[in-house]
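One structure below.
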Amino acid sequence: PRKIIIDTDPGIDDAVAIAAALFDERLDIRLFTTVAGNVSVDKVTKNLLKLLAFWNKGVPVAIGSDRPLLREAINASDIHGSTGMDGYEFPKSKYELLTKNHAVIEMYKVLMESKGKTTIVGIGPLTNIALLLRIYPECVERIEELVIMGGSLGRGNYGVLSEFNIAADPEAAKIVFESKIPLTMVSLDVGEKALVLPEVRDQIQKMNKTGDMISQLFHYYRGGNSDTGLKMYDGCAIAYLLEPEMFEVKEAYVAVETQGMLTAGATLVDLDGYLGNATNCRVCVDIDEEQFREWFLEAIQKCE
Ligand code: BDR
Ligand code: CA
């Protein structure tokens, strides 16, 4: 199986991604790291530990950055609820899974100590990953690929042109995009097409324990407004690892806007080479919606 580290801010769509990754035998999750994003780092860590208690899984969890590199934290509690994962009565968090060290140190240790290379999956703001690359540049050679959910080809979901994970910490995103590591960007544009429609939500409710839990969270996602479908942004990052043929991918140079008065956090996906720079990213520009729906159902089916 492919060795991965998941850097996350659960988050209802993060919970779906985590479920899909934990129960797929093609993936071996070596470490979870948490980052302030959808809500505070304390809350997202608690949520992750609750999920791991729910499934009785023993993957180590390292607490990461409690704020962006330079800016004040933003949050998405309007989408995920004030706890970041409203809507289900979970068992108590498994605090015994917490590691001693900060997420960045634990990531470094996993990268350096694992046999072969490890993939990092970033489904929150990029603060921890930027710090990792700056503090331990030697670990770049140990990273097979960095797959992030973040950025957009055009419009945003946080600002007019900015997607939430990049808008939350544009300076961190800039460091990551300029780092020359093998980078794949699972964009907002594909996430918006990766929909769970009400009938699919009802279908998973009856499937198993996980399907029931996820469908209950879905009743709170976006304030319960699920008629037009719920967007599985972070799930797409896991779908990309497992079934990349589901996506249309283009190589491009991607720049992160950090200076714009109105556009900080925008990603400029230079598909036509206007900026004259070498490509630095594989960008998922489209997704087969039907294949995603089937993958999602199969992924939940595999869970307990
Ligand atoms: C991203 O923002 C968060 O709210 C989601 O969990 C996802 O990672 C989508 O823009
Ligand atoms: Ca997320």
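Whatever order the structure lists them in is the order used to number ligands and atoms, beginning at 1. Since this is a predicted model, take the numbers as computed values, not measurements.
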**Under 3.0 Å from the Ca ion (ligand 2), the protein N, O or S atoms, given as residue and atom** = Asp9 OD1, Asp14 OD1, Asp14 OD2, Ile123 O, Asp234 OD2

**Message:** Counting only heavy atoms from other residues, nucleotides and ligands, does the tally under 6.0 Å from CD of Glu89 exceed 12?
**Reply:** no

**Asked** Would you find more than 12 non-hydrogen atoms of other residues, nucleotides or ligands less than 6.0 Å from Tyr88 atom OH?
**Response** yes

**Item:** salt bridge (Lys or Arg N to Asp or Glu O under 4.0 Å) assessment of Glu290 paired with Arg293
**Value:** CA-CA 5 Å; Glu290 181 55 28; Arg293 200 179 62 83; 3.0 Å; yes

**Message:** Would you say CD of Glu25 has more than 12 non-hydrogen atoms from neighbouring residues, nucleotides or ligands within 6.0 angstrom?
**Reply:** no

**Message:** Would you say that more than 12 heavy atoms from the other residues, nucleotides or ligands in this model lie under 6.0 Å from the NZ of Lys94, or not?
**Reply:** yes

**Request:** Would you please indicate if the ring centroids of Tyr233 and Phe164 are separated by under 6.0 Å?
**Result:** no

Hey, what polar pairs (N/O, under 3.5 Å) does ligand 1 make with protein?
unit_1: ligand 1; atom_1: 4 (O); unit_2: Asn38; atom_2: OD1; d: 2.6
unit_1: ligand 1; atom_1: 4 (O); unit_2: His80; atom_2: NE2; d: 3.0
unit_1: ligand 1; atom_1: 6 (O); unit_2: Asp13; atom_2: OD1; d: 2.6
unit_1: ligand 1; atom_1: 6 (O); unit_2: Asp13; atom_2: OD2; d: 3.3
unit_1: ligand 1; atom_1: 6 (O); unit_2: Asp14; atom_2: OD1; d: 2.9
unit_1: ligand 1; atom_1: 6 (O); unit_2: Asn38; atom_2: ND2; d: 3.1
unit_1: ligand 1; atom_1: 6 (O); unit_2: Asp234; atom_2: OD2; d: 3.1
unit_1: ligand 1; atom_1: 8 (O); unit_2: Ile123; atom_2: O; d: 3.1
unit_1: ligand 1; atom_1: 8 (O); unit_2: Asn165; atom_2: ND2; d: 3.0
unit_1: ligand 1; atom_1: 8 (O); unit_2: Asp234; atom_2: OD1; d: 2.6
unit_1: ligand 1; atom_1: 8 (O); unit_2: Asp234; atom_2: OD2; d: 3.0
unit_1: ligand 1; atom_1: 10 (O); unit_2: Asn157; atom_2: ND2; d: 2.9
unit_1: ligand 1; atom_1: 10 (O); unit_2: Glu163; atom_2: OE2; d: 2.4

**Request:** Look at atom CZ of Arg222 and say whether more than 12 heavy atoms of other residues, nucleotides or ligands are closer to it than 6.0 Å.
**Result:** no

**Asked** Does CD in Glu141 sit with more than 12 non-hydrogen atoms of other residues, nucleotides or ligands closer than 6.0 Å?
**Response** no

**Prompt:** Which of parallel (below 30°), tilted (30 to 60°) and perpendicular (above 60°) describes Tyr221 and His80?
**Reply:** tilted

